[in-house]
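This report refers to the structure that appears directly beneath it.
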Amino acid sequence: MTTPDLAVPPGSQQYEGASLEARDIRMRFGPVEVLRGADLAAQAGEVVCIVGPSGSGKSTLLRCLNGLETRTSGDVLLGGEDTSAMDINLLRQRIGMVFQHFNLFPHKTALQNITLALCNVKKIPKDRAAGIALQRLRDVGLADRAGHRPTQLSGGQQQRVAIARALAMEPQVMLFDEVTSALDPELVKGVLRLMADLARGGMTMIVVTHEMGFARQVADRVVFMDAGVVVESGPPEQIFDAPRSPRLKKFLSQVL
Ligand code: ADP
Ligand code: MG
């Protein structure tokens with residue numbers, strides 16, 4: 001296994017993270033129960049990586065955390081506060097999410113992709129929104145690409161714009177769902193570095209990833225999911241070097 005070099009100078013940006021806890025999350029699509037009582041907790045400023053086979057419910061669990069999917073039962077607490085009574089727009093501002101396919105608006109520039117939500121959701125005036133967007137683009141190293149459309153950017157740059165867009169909303173938690181899986185190999189490192197930088201800045205992060213090197217290096221805790229439940233979780237050394245459950249051992253033998 002090659003471990004990417006994630007050493008970067010500490011970022012200037014510091015983040016105010018909040019804890020996020022999911023208790024006994026259940027979710028069914030028709031007759032199929034895809035989450036069967038999943039538990040997850042990240043303390044403020046912690047990075048939790050979720051690993052596991054395809055179809056094990058990782059994406060569904062993330063989507064349940066910020067209300068993109070409606071769970072059948074279970075509780076989600078943000079900063080200790082029950083989110084079920086929270087306004088859904090506020091919840092999605094507080095818990096930002098970045099996807100495998102960047103979901104940028106193709107006909108808008110990088111800057112406009114960021115200002116759009118600031119103006120529409122946060123009701124921030126256009127000129128102030130532009131200032132914030134430019135600052136976030138600077139944070140992800142793309143200030144000089146503000147006027148470019150997605151097609152004029154590499155996949156890695158597009159993903160960094162998507163991360164900047166999520167950060168512009170000043171979330172307390174960031175969810176990442178396989179954000180490097182669609183990237184050409186040579187572009188993966190830049191995005192992982194940015195994520196490591198966010199982690200160092202104190203952002204609370206829940207990261208679904210196949211990048212085991214990233215999980216080992218950056219995660220405070222690694223969670224292994226299979227068939228809709230968390231099978232095992234612990235510090236990276238425990239999960240990767242001393243796995244206990246046969247299912248995790250088998251998974252690691254396939255991916256490492
Ligand atoms: P993972 O992210 O671990 O690959 P997912 O959360 O995407 O897993 O999917 C878990 C299970 O739920 C899979 O069996 C998948 O086919 C199913 N599933 C996901 N989304 C839907 C949906 N919208 N409708 C029906 N089944 C779904
Ligand atoms: Mg998925």
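Numbering of ligands and ligand atoms starts at 1, following listing order.
- No more than 12 heavy atoms of other residues, nucleotides or ligands shown are found within 6.0 angstrom of CZ on F105.
- For the residue pair D177 and S59, a side-chain donor N or O sits within less than 3.5 Å of a side-chain acceptor on the partner.
- With rounding to the nearest 0.5 angstrom, the CD atom of Q157 is 10.5 Å from the CZ atom of F102.
- Salt-bridge formation is not detected for the pair R23/D75: no Lys NZ or Arg NE/NH1/NH2 atom is positioned less than 4.0 Å from an Asp or Glu carboxylate oxygen.
- The presence of a protein heavy atom under 4.0 Å from atom 15 (C) of ligand 1 is ruled out.
- A donor and an acceptor atom, one from each side chain of S181 and Q100, are nowhere located under 3.5 Å apart.
- The single protein non-hydrogen atom nearest to atom 7 (O) of ligand 1 is S59 CB, 3.8 Å, given as residue, atom name and distance.
- With hydrogens left out, the protein atom closest to atom 17 (C) of ligand 1 is V34 CG1, 3.8 Å, a heavy atom.
- Closest protein heavy atom to atom 8 (O) of ligand 1: G57 N, 3.1 Å.
- Under a 4.0 angstrom heavy-atom cut-off, S56 registers as being in contact with ligand 1.
- Given atom 3 (O) of ligand 1, the protein heavy atom at minimum distance is K58 NZ, 2.8 Å.
- Among the backbone and side-chain atoms of S59, an N, O or S atom lies under 2.8 Å from the Mg ion (ligand 2).
- Within the 4.0 Å heavy-atom cutoff, P53 counts among the residues contacting ligand 1.
- For atom 23 (N) of ligand 1, the nearest protein heavy atom (residue, atom name, distance) is F29 CE2, 3.5 Å.
- Counting protein heavy atoms under 4.0 angstrom from atom 12 (O) of ligand 1 gives one or more.
- When the options K189, R193, M195 are evaluated for a side chain to side chain contact (heavy atoms under 4.5 Å, CB included) with V191, the one that passes is M195.
- When hydrogens are left out, the protein atom nearest atom 10 (C) of ligand 1 is G55 O, 3.5 Å; that is the closest non-hydrogen contact.
- Look at D87 and R94 and you find no salt bridge, because none of the NZ, NE, NH1 or NH2 atoms lies under 4.0 Å from a carboxylate O.
- Distance from atom 6 (O) of ligand 1 to its nearest protein heavy atom, with residue and atom name: T60 OG1, 2.5 Å.
- Donor-acceptor pairing under 3.5 Å is recorded for the side chains of R138 and Q135.
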